[in-house]
Amino acid sequence: MFFNLSDLFAIAPEICLLVLAAVVLKTELFFTRKPTALQGITMAGLLVTMGVTVMTASEFPTGAFNGMIAADGFTLFLKVVLLGVALLTTLMSREYFDDAAFRHGEYYALLLLTTIGMMTLAAATDLVTLFLGVETMSVGLYVLAGLRHDRPRSSEASLKYLLLGAFASGFLLYGMALLYGSTGGKTNFAEIAAAISRFGDETPKVLLAGVGLILIGLLFKVAAFPFHFWSPDVYQGSPTPVTAFMSAGPKAAAIAATIRLMGWALPDLAAVWGPLLWVVAALTMTVGNIIAISQKDIKRMLAYSSISHAGYLLLAVLAAGDQSIRDLAASGMLFYLAAYYLMNLGAFAVAILVNRARDNGDYHLDDYQGMAAQKPMYALAMTVFMISLAGIPPTAGFFGKLFVFSAAIKAGYVWLVAIAVLNSVVSAFYYLRIVVLMYMKPQTSPAGSMRSPATAVLIGFCAVAIVVLGLIPGGIRNLANSGGSSVAIPPPTVAEVSTK
Amino acid sequence: MKPTLEMYLILSAVLFTIGVTGVLTRRNALIIFMSVELMLNAANLTLVAYSRFLPDISGQIFVFFVMAVAAAEVAVGLAIIVAIFRQKESVDIDKVNLMKW
């Protein structure tokens with residue numbers, strides 16, 4: 001046997017989500033098409049899955065399925081974060097899609113299936129599971145992006161995402177094939193690391209080419225420069241809850257897979273990929289921030305802002321190339337991701353409400369003029385999100401940046417951190433511009449009602465969580481630390497069967 | 001002449017390059033999609049060739065997974081292209097240009 005029945009506990013959360021997705025689909029088909037019921041089932045199921053994730057976690061410190069996936073604290077933290085992303089996205093979805101004649105069941109099912117892909121990606125310790133995770137996630141996202149097929153922009157986003165995403169998958173897979181061959185037939189991360197350390201200084205060129213191609217594929221998924229061109233168009237065209245989901249979940253999963261692959265499977269090649277990623281990280285944050293300044297549409301602005309956040313996160317990947325720092329880098333990244341999804345989902349939720357009140361179809365920044373006078377609580381929450389995205393204390397975003405940057409400084413990337421801090425200052429300009437619009441400009445045209453209990457709960461939760469994390473980051477920081485120091489790449493436990 | 005590993009690798013590299021060139025130069029969404037499939041199959045060929053010559057069976061198992069994933073991607077991809085065609089009566093990607101910068 002290559003796996004025990006008990007290995008199934010390691011993927012219990014994924015199994016739960018799969019069952020839940022089936023239940024939601026069948027419920028819509030046979031029982032009720034009431035959006036509230038479907039949303040309720042999805043949210044209850046996600047909460048149960050979260051409980052299952054936490055309960056089954058401690059049992060498998062060494063991975064499962066013969067080294068195909070890890071079940072370490074790092075994976076656990078990410079799974080909870082990813083389930084949180086799905087939960088909050090569900091919470092903001094119903095009212096958005098109520099405006100359209102829309103099948104809610106298939107939307108929630110796709111959301112859940114995509115989450116399975118993201119969780120697999122976060123746990124992957126083998127090239128096969130890595131590829132499966134990337135593709136399960138991406139195929140679901142292609143459909144989600146195009147869900148509003150009555151709107152040309154949604155279909156366009158979907159087509160662009162599909163063609164460029166599949167193109168990137170081709171690079172990823174070809175890189176994996178070269179890596180597989182040049183390490184003598186290894187797909188497991190631990191075995192790849194061992195094979196590479198045996199090469200010493202004479203690393204084959206084919207292997208380096210393979211690593212480069214894999215990096216292209218993964219950097220595309222995190223939307224890093226110069227592979228970011230898809231993301232503003234896809235973010236703008238997709239239905240807004242999907243955009244919120246995309247900007248938080250897949251980015252987190254892909255960057256987690258990158259840090260595990262680079263820091264734990266390929267640390268011996270850090271001298272090769274390090275300088276490459278240095279340039280990519282510096283350009284990603286700079287380009288993202290500079291283009292964000294000139295945006296007039298809040299979804300596009302947040303898209304470019306998320307590109308620049310990918311740049312900050314790449315600092316953690318770089319720092320993980322240093323074996324003595326990598327635990328710290330991983331834990332900093334976990335905290336950053338936990339903070340990032342709260343502030344990003346919150347900002348998108350406010351964008352949905354403002355757009356609903358205007359009912360003119362676009363997401364122009366001028367819609368925020370004078371919002372503080374009419375909706376003081378929402379304006380306050382939006383201010384919290386913007387301050388946190390800019391990385392100003394006392395918010396979670398500040399500590400996220402602090403932990404990632406301090407890990408990078410310890411690893412010796414002082415100049416890059418200087419660039420990152422400068423970028424944060426630049427980014428404050430366009431984030432705070434929204435605050436200025438809300439508080440200091442008179443209202444241009446009266447807005448409609450922004451009543452929406454579910455979304456209001458979400459916005460309140462995110463804002464409070466960000467401030468609490470910003471004032472007392474200790475608890476989550478400890479969890480992130482234990483997650484970061486537990487990153488594992490389990491080797492195969494069963495002896496290889498000889499094919500000779 | 002007996003085919004060697006190098007021959008297979010060169011063949012797959014050529015196929016991969018044809019695929020990349022196709023994606024970058026063609027303007028028809030279907031042809032681009034076909035070119036992407038060519039890239040995936042070039043990678044499959046590499047995997048199978050290594051698997052045969054190393055020898056190590058896991059490369060061939062990997063290819064099964066890739067084929068399953070590629071089939072799913074094609075199903076979704078063609079559906080998306082059909083949705084675009086219904087709106088624009090064309091699958092020319094130069095006409096898919098509502099959003100820029």
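Below, chains carry the letters A, B, ... as their sequence lines are ordered, and counting in each starts from 1. Side chains included, hydrogens not; waters and symmetry mates left out as well; all remaining heavy atoms used. Being a predicted model, the structure only gives us computed values, none of them experimental.
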- Item | Separation of A:M118 CE from A:S138 OG (nearest 0.5 Å) | 11.0 Å
- Query: Quick one: CG on A:L130 to CE on A:M176, what's the gap to the nearest 0.5 Å?
  - Reply: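 Rounded to the nearest 0.5 Å, the CG-CE separation comes out at 4.0 Å.
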- Message: Set out, in order, the CA-CA distance, both residues' side-chain angles and the distance that settles side-chain contact (heavy atoms from CB on, under 4.5 Å) for A:L173 and B:F62, then state yes or no.
- Response: CA-CA 10 Å; A:L173 184 66; B:F62 199 161; 4.0 Å; yes
- Message: Parallel, tilted or perpendicular, judged at 30° and 60°: which one describes the rings of A:Y174 and B:F16?
- Response: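 Geometry flag for B:F16 against A:Y174: parallel rings.
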- When A:L132, A:T136, A:T187 are compared by non-hydrogen pairs under 4.5 Å with chain B, the top option: A:L132
Could you look at [X] and say if it's the side chain, the backbone, both or neither that has a heavy atom under 4.5 Å from chain A?
X: B:V20; result: both
X: B:L24; result: side chain
X: B:S35; result: neither
X: B:A13; result: both
X: B:I93; result: side chain
X: B:V63; result: neither

- Would you check if A:I116 and A:M119 make a side-chain contact, meaning some heavy-atom pair closer than 4.5 Å?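 The answer is no, as the side chains (C-beta and beyond) never meet within the 4.5 Å cut-off.
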What residue in [options] has the most heavy-atom pairs under 4.5 Å with chain A?
options: B:V66, B:V91, B:N41, B:I81; value: B:V66
options: B:L45, B:N44, B:T46; value: B:T46
options: B:A72, B:S51, B:A83; value: B:S51

Under 4.5 Å heavy-atom distance to chain B, tell me which part of [X] shows up: side chain, backbone, both or neither.
X: A:Y142; result: both
X: A:L127; result: both
X: A:L162; result: side chain

- Task: Please name the pair of heavy atoms, one in A:G184 and one in B:L54, separated by the smallest distance, quoted to 0.1 Å.
- Result: C-CD1, 3.7 Å
- Please report the closest heavy-atom contact between A:N188 and A:P491, naming both atoms and the distance.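 In this case the closest contact between A:N188 and A:P491 is OD1-CA, 3.9 Å.
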- Task: Check the pair A:I11 / A:F65 against side-chain contact (heavy atoms from CB on, under 4.5 Å), numbers first and verdict last.
- Result: CA-CA 10 Å; A:I11 56 163; A:F65 293 101; 3.9 Å; yes
- Query: Any donor and acceptor pair, going by atom type alone, linking the side chain of A:K299 with main-chain N or O of A:S238 inside 3.5 Å?
  - Reply: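 Flag set: sc A:K299 to bb A:S238 pair under 3.5 Å.
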